[in-house]
Amino acid sequence: MRRAAGQLARRGQARAPTRQRPAPLQATGPNPLWRWDITYVANTLKGSCCYRYLFMDVAVCSRKIVGWAVFAQESAKPAAAVFTAAYQGAGVPRQTLVLHADNGSPMKGATLLATRQRLGVVPSFSRPAVSNDNPYSEALFKTLKYQPDFPAQPFDGLASARRWVAGFVAGYNEAHRHRALKFVTPGQRHRGEDQALLAGRRGLYAAAKAQYPERWSGAIRNGEPDAVVLLNPGKPLKQEPQSTPTTA
């Protein structure tokens with residue numbers, strides 16, 4: 001009845017907020033696009049947490065962790081320090097890096113803002129309350145928290161949390177064969193070492209199929225590395241159906 005009476009429409013000059021999808025970002029080489037986020041875990045001190053800061057390179061879909069730290073607080077000041085160290089360690093040229101994050105207060109804090117401006121880094125932000133705009137960080141945190149050796153009990157202070165995260169980052173970058181990277185490690189993908197590895201695998205599969213064709217029901221596994229990675233690519237445009245010409 002309210003709909004029929006026109007009582008569901010927004011009244012006055014206030015308009016419903018619009019949330020546009022962030023512009024698509026493309027990465028084809030090392031260090032053009034980073035994204036970062038903060039996650040927390042409990043420690044033994046009741047009512048407090050350990051906050052983990054993780055920066056990841058999205059370049060050519062490497063997913064390598066380029067910077068990390070664990071602090072007792074969540075703010076822009078430690079985030080700026082971690083980002084500066086990672087930025088300088090990677091040797092990123094000025095005006096070439098886009099840093100993507102969500103809309104949390106540390107991501108938009110004055111200290112990090114000044115750091116980005118000083119280093120010539122372009123910011124990019126997700127829509128409020130939309131985790132899909134920062135999917136790589138969400139996937140990384142799930143991988144971290146689902147590790148078999150992830151402690152079942154809270155960390156015993158910052159030192160304990162830092163030791164565990166240091167081991168995770170080393171294993172993730174150099175030992176974890178990532179399914180999305182055709183089962184090479186993020187470090188191999190980031191350094192370009194995956195090209196030779198994947199070419200060798202393709203040759204091995206081709207030789208095995210030629211020797212035992214009855215064991216293969218289709219083509220060999222696709223081992224081509226991704227050349228381009230997109231962040232927030234958007235939905236594909238719908239193609240209009242083509243009309244069938246009629247004959248007289």
Got a donor-acceptor contact below 3.5 angstrom from the Arg35 side chain to the Leu99 backbone? no

Under the side-chain contact (heavy atoms from CB on, under 4.5 Å) rule, what do Arg189 and Lys64 come out as? Steps first, then yes or no, please. CA-CA 8 Å; Arg189 176 62 166 150; Lys64 180 184 177 183; over 6 Å; no

In terms of hydrophobic clustering (I, L, V, M, F, W, Y; side-chain heavy atoms under 4.5 Å; direct or indirect links), are Ile220 and Leu181 co-clustered? no

Rounded distance (nearest 0.5 Å) linking atom OH of Tyr172 with atom NE2 of His178: 3.5 Å

Under-4.0 Å salt bridge between Lys182 and Glu224: no

Between the CG atom in Leu119 and the OG1 atom in Thr96, the distance rounded to the nearest 0.5 Å is 10.5 Å

I'd like to know whether NZ of Lys77 has more than 12 heavy-atom contacts from other residues, nucleotides or ligands below 6.0 angstrom. no

In terms of hydrophobic clusters joined by side-chain contacts under 4.5 Å, are Leu158 and Val41 together? yes

Check the hydrophobic clustering (I, L, V, M, F, W, Y; side-chain heavy atoms under 4.5 Å; chains of links allowed) and say if Phe183 and Tyr205 are grouped together. no

Under 4.0 Å between a side-chain nitrogen and a carboxylate oxygen: does that hold for Glu214 and Lys209? no

Does a sphere of radius 6.0 Å around CZ in Arg179 hold more than 12 heavy atoms from other residues, nucleotides or ligands, not counting ones at 6.0 Å or beyond? no

Tell me whether the count of non-hydrogen atoms from other residues, nucleotides or ligands lying under 6.0 Å of CZ in Arg221 goes above 12. no

Could you check Met107, His100, Met56 and say which one makes a side-chain contact (heavy atoms from CB on, under 4.5 Å) with Trp36? Met107

Value for SG (Cys50) from CG (Leu45), rounded to nearest 0.5 Å, stands at 9.5 Å

Leu97 and Leu113: same hydrophobic cluster, using ILVMFWY side-chain contacts below 4.5 Å? no

Verify side-chain contact (heavy atoms from CB on, under 4.5 Å) between Arg52 and Trp68, making sure each step is shown before the conclusion. CA-CA 7 Å; Arg52 288 174 292 195; Trp68 69 272; over 6 Å; no

If you round to the nearest 0.5 Å, how far is CG of Asp156 from CZ of Arg163? 8.5 Å

List the atom of Ser75, the atom of Tyr53, and the distance in Å for their closest heavy-atom pair. N-OH, 3.1 Å

Quick one: closest heavy-atom pair of Leu144 and Trp164, and the distance? O-CH2, 3.5 Å

What pair of heavy atoms forms the shortest contact from Ala80 to Thr111, and how long is it? CB-CG2, 3.8 Å

Check Glu138 against Asp37 and note the closest heavy-atom contact, atom names and distance. OE2-OD2, 3.8 Å

Count the heavy atoms of every other residue, nucleotide or ligand shown that sit under 6.0 Å from NZ of Lys145, and state whether that count exceeds 12. yes

Are side-chain heavy atoms of Gln188 and Leu197 found at a separation under 4.5 Å? yes

Flag yes if more than 12 heavy atoms outside Tyr40 fall under 6.0 Å of its OH atom; otherwise flag no. no

Between Val121 and Tyr87, is a side-chain contact (heavy atoms from CB on, under 4.5 Å) present by the stated rule, with each step listed? CA-CA 10 Å; Val121 176; Tyr87 180 90; 3.7 Å; yes

How long is the span from the CD1 atom in Ile65 to the NE2 atom in His190, to the nearest 0.5 Å? 12.0 Å

Minimum-distance pair of heavy atoms, taken over all atoms of Pro32 and Asp57: CD-OD1, 4.3 Å

Residues Glu193, Thr185; criterion side-chain contact (heavy atoms from CB on, under 4.5 Å); working and verdict: CA-CA 10 Å; Glu193 300 170 359; Thr185 68; over 6 Å; no

With no hydrogens and no angle check, is any side-chain donor or acceptor of Ser160 less than 3.5 Å from a backbone partner on Gly157? no

Do the side chains of Val169 and Phe150 join up, straight or via other hydrophobic residues, at under 4.5 Å, putting them in one cluster? yes

Heavy-atom closest contact (Glu74 atom, Pro106 atom, distance): CG-CG, 3.5 Å

